[in-house]
Amino acid sequence: MIEGVFWLTFSILSIGSAALGCFLLFSPRDALAVRYQNYMLAKTMRPLKDEDFSHMPKVVWGLKGAGLVCLTLSALMLVGVSIIR
């Protein structure tokens, strides 16, 4: 019973992080920038100016890097479990 819960949790974590990593890594930069701008607009609830998004290239590269990290960790989890099992 507990082993089944463990494997279910493991599969959700590995597939979820791989899906998030693929989304962040393979989605276009413009789409990520627009999503981030919409997020900031919803978060602040005030009109924002172009000066508020001057760091946009760094944010997009950070999101791409986070996607690569998620995808790598997911692959490492799968490799680690296959070695242990």
Side-chain angles (χ1 to χ4, degrees):
M1 167 86 180
I2 291 181
E3 185 179 358
V5 171
F6 168 74
W7 287 114
L8 184 64
T9 305
F10 173 77
S11 66
I12 289 172
L13 287 175
S14 64
I15 292 172
S17 66
L20 178 65
C22 284
F23 171 74
L24 289 174
L25 198 58
F26 297 123
S27 58
R29 290 188 178 124
D30 293 337
L32 286 177
V34 168
R35 283 183 182 265
Y36 178 73
Q37 288 173 350
N38 289 340
Y39 166 74
M40 289 303 291
L41 286 170
K43 181 180 168 187
T44 59
M45 298 295 253
R46 64 179 178 87
L48 297 174
K49 299 177 182 148
D50 287 340
E51 296 86 32
D52 296 326
F53 299 110
S54 62
H55 60 286
M56 188 61 66
K58 290 180 184 178
V59 170
V60 171
W61 279 109
L63 288 173
K64 294 280 186 182
L68 183 63
V69 167
C70 285
L71 199 57
T72 304
L73 289 178
S74 176
L76 288 176
M77 283 177 17
L78 292 174
V79 168
V81 165
S82 66
I83 289 172
I84 291 172
R85 196 162 194 230

Show me, pair by pair, the donor-acceptor contacts under 3.5 angstrom made by side chains of residues 57-66, not counting sequence neighbours?
unit_1: Lys64; atom_1: NZ; unit_2: Leu25; atom_2: O; d: 3.0
unit_1: Lys64; atom_1: NZ; unit_2: Ser27; atom_2: O; d: 2.5

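- Here Ile84 is tied to no hydrophobic group at all, with no ILVMFWY side chain closer than 4.5 Å.
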What side-chain donor-acceptor pairs closer than 3.5 Å can you find for residues 12-23, not counting sequence neighbours?
unit_1: Ser14; atom_1: OG; unit_2: Phe10; atom_2: O; d: 3.1
unit_1: Ser14; atom_1: OG; unit_2: Ser11; atom_2: O; d: 3.2
unit_1: Ser17; atom_1: OG; unit_2: Leu13; atom_2: O; d: 3.0
unit_1: Ser17; atom_1: OG; unit_2: Ser14; atom_2: O; d: 3.2

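- Not a single side chain to side chain donor-acceptor pair (under 3.5 Å) links Glu51 to another residue, sequence neighbours left out.
- In this structure, Ile2 stands alone, with no Ile, Leu, Val, Met, Phe, Trp or Tyr side-chain heavy atom under 4.5 Å from its own, directly or through other members.
- Through side-chain heavy atoms spaced under 4.5 Å, either directly or across other Ile, Leu, Val, Met, Phe, Trp or Tyr residues, Val5 is tied to no other residue.
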Under 3.5 Å donor-acceptor pairs involving side-chain atoms of residues 34-47, not counting sequence neighbours:
unit_1: Asn38; atom_1: ND2; unit_2: Val34; atom_2: O; d: 3.4
unit_1: Thr44; atom_1: OG1; unit_2: Met40; atom_2: O; d: 2.9

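- Hydrophobic cluster membership for Ile83: Val79 (Ile, Leu, Val, Met, Phe, Trp, Tyr linked by side-chain heavy atoms under 4.5 Å, directly or transitively).
- Rounded to the nearest 0.5 angstrom, Leu78 CG and Leu73 CG are separated by 11.0 Å.
- With sequence neighbours left out, Trp7 forms a side chain to side chain donor-acceptor pair (under 3.5 Å) with Glu3.
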